Structures are given as C-alpha cells and as structure tokens.
Amino acid sequence: MPTLHHLNHSRSQRILWLFAELGLDFDIQTHYRNPTTSLAPDSLKSIFELGRSPVVTLDDEMQTPLAESGAIVEYFAQTYPDALLTYQAGDADYIQYLYWLHFAEGTMMPPLIAKLVLGKAKAQKKPIIIKTIADKVIDAILNAYYDKNFAENVAHVEKHLARQVNKGIDYFVGERLTTVDFMMLFPLEAMLASQPSNVPQHIKAYVERMQARPAYQEALDAGGEYNFGPKKSA
Ligand SMILES: N[C@@H](CCC(=O)N[C@@H](CS)C(=O)NCC(=O)O)C(=O)O
C-alpha cells in the first residue's frame, strides 16, 4: 500500500484528491509546518532529502521516494489506466493536456509563490526606516515582474476555461477529469482563498465545481488543516 507524506496546507492535497478519485487504499503520515516559518518539519527530510511534500513511498524493494506532485499524479494515472486520467499521443486533446499539465508547476506556481513570499516579507515587523526602504524594494520587484506575470497567467487560464464552458465541459482539459485538474486546482484555489474578489468568474466557477466533488470532500476530511479549501459556512 502506498504511504502519502502529507503536509498541512500544501500541494499534497492534490494527491489526497487523486487517491480519493481512484478509490485507492493508502496510508497517510501527516507532517505539520512550523507555525512561525511555515517550513516543513525535519521529519520530512528523513523521507525525502529535500524535505518537501508531497512525497509518496511505495511498497517496492527500492523504497524510492516518489516526489513532485506532477510525477506522482502521472505515476498513479499510468498505474491505473482504467481510470482514464490522461490523454495519449495521437488523441485530439493530447497537446493541450500536456501543455496544461506542465503549466501548473512550470508557469502558474512560481509567480504565485513569489507574491506570497514577498507579501509575507512586507508584513513582517521591522523598524520603520528599514520598513520604508524594504517595502519600496519589494513593491518595485512586484511591479517590475511578478504582478504582471501573474495577471497574464490568470487571464490566460480564464480565457481557456471560458472556452471549455462554451463547449459545455466542466473539466480543465479535454472532456473528462484528468491529471491536469489535480495539478491546476491547487494554484487556482490558493488564489481564490487569498484574494477572492480578484478571481475571474470562470476560474471561480471551476474551483467551486471541483471542490463540490464527493472525492474532493473525502480528501478534505482525510487531510485535515487546509487553508485553501472551500470556506466553511457558519
Ligand atoms: N514542485 C514541487 C513543490 C514541492 C513543495 O515545495 N512543497 C511545499 C508544500 S506546497 C513544501 O513542502 N514546503 C515546505 C518547505 O519548503 O519547507 C511539487 O509540485 O511537489
């Protein structure tokens, strides 16, 4: 049985959702972020030397840790082909499928993380003189690159999802749930959780559709703390 090394409030929610959609039996070991630094605890380093999550260990002889959420979703999609979570070379949707699968970590996540980290740096307490200068530098970096880059990505995703909706399709790519949905939901729901008023309509509707899936809900229950999930109504 595979073991998922899960980190609270993290990309490993992708894997919990994937496992729930596949109806897979698995063990879960939860590691908790340091509440001050948000970094993963050292316990994860004993599993995988970079100490990041998600990581899956398999019951194979090699005990090789399988890391990178994109690699994990591909591994399980290929191990369970009957679940039809991929498109293959020769399929009409293959190029789009491949593009968006890699877009998630390759293009969407980097400016999102940079904005998050720089926002945290700005919010940190510091003497007023240092703060004034530091904030100017941070704003200059954001203005020069990350804000524009992120806004372009969001517009690109929104346009794509509008095309899917016009075709009457609920999913990110092709005509059915694929590994792209597991990969793309995380940055989109992180964005929706942190700046709900700035999220365009098709992205918002897509996130809500995926979050309403029974397997997604099951994954939420399995994972515990997750800041980017749907807001619980009071
Ligand atoms: N590209 C990797 C990123 C892995 C990653 O950075 N995970 C974050 C959680 S979302 C992490 O473990 N952060 C804790 C740390 O860096 O200490 C993936 O998709 O799996």
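Order of appearance sets the numbers: ligands from 1, and atoms from 1 within every ligand. Note that the structure is predicted; figures quoted are calculated from it, not measured.
Remark: minimum distance from atom 17 (O) of ligand 1 to any protein heavy atom is reached at A40 N, 2.9 Å. Protein heavy atom nearest atom 7 (N) of ligand 1, with residue, atom name and distance: S53 O, 2.8 Å. Regarding atom 10 (S) of ligand 1, its nearest protein heavy-atom neighbour is R11 NH1, 3.1 Å. From the protein, the heavy atom lying nearest to atom 2 (C) of ligand 1 is E68 OE1, 3.3 Å.
Residues R14 and P54 have side chains not in contact (no heavy-atom distance under 4.5 Å, counting atoms from C-beta outward).
Interface of S69 with ligand 1, defined as ligand atoms under 4.0 Å from a residue heavy atom, comprises 18 (C), 19 (O), 20 (O). Numbered from 1 in the order shown, with element, the atoms of ligand 1 that lie under 4.0 Å from a heavy atom of P54 read 20 (O). The ligand atoms of ligand 1 that sit less than 4.0 angstrom from a heavy atom of E105 are 1 (N), 2 (C), 19 (O). Applying the 4.0 Å criterion to heavy atoms of S10 picks out, from ligand 1, the atoms 9 (C), 10 (S).
For H102 (side chain) and G70 (main-chain N/O), no donor-acceptor pair under 3.5 Å exists by modelled atom type. Proximity of a side-chain donor or acceptor of K126 to a complementary backbone N or O of A121 within less than 3.5 Å is detected. Proximity of a side-chain donor or acceptor of E158 to a complementary backbone N or O of H202 within less than 3.5 Å is detected. For the pair H6 (side chain) and I28 (backbone), a donor-acceptor distance under 3.5 Å is absent.
Only the side chain of L7 comes within 4.0 Å of ligand 1, judged by heavy-atom distances. Contacts between R33 and ligand 1 below 4.0 angstrom, taking non-hydrogen atoms only, involve the side chain exclusively.
A salt bridge between E105 and R11 is present, with a side-chain N of the basic residue lying under 4.0 Å from a carboxylate O of the acidic one.
Remark: R176 is positioned above the aromatic ring of Y87, its terminal NZ or CZ atom under 6.0 angstrom from the ring centre and at most 45 degrees off the axis.
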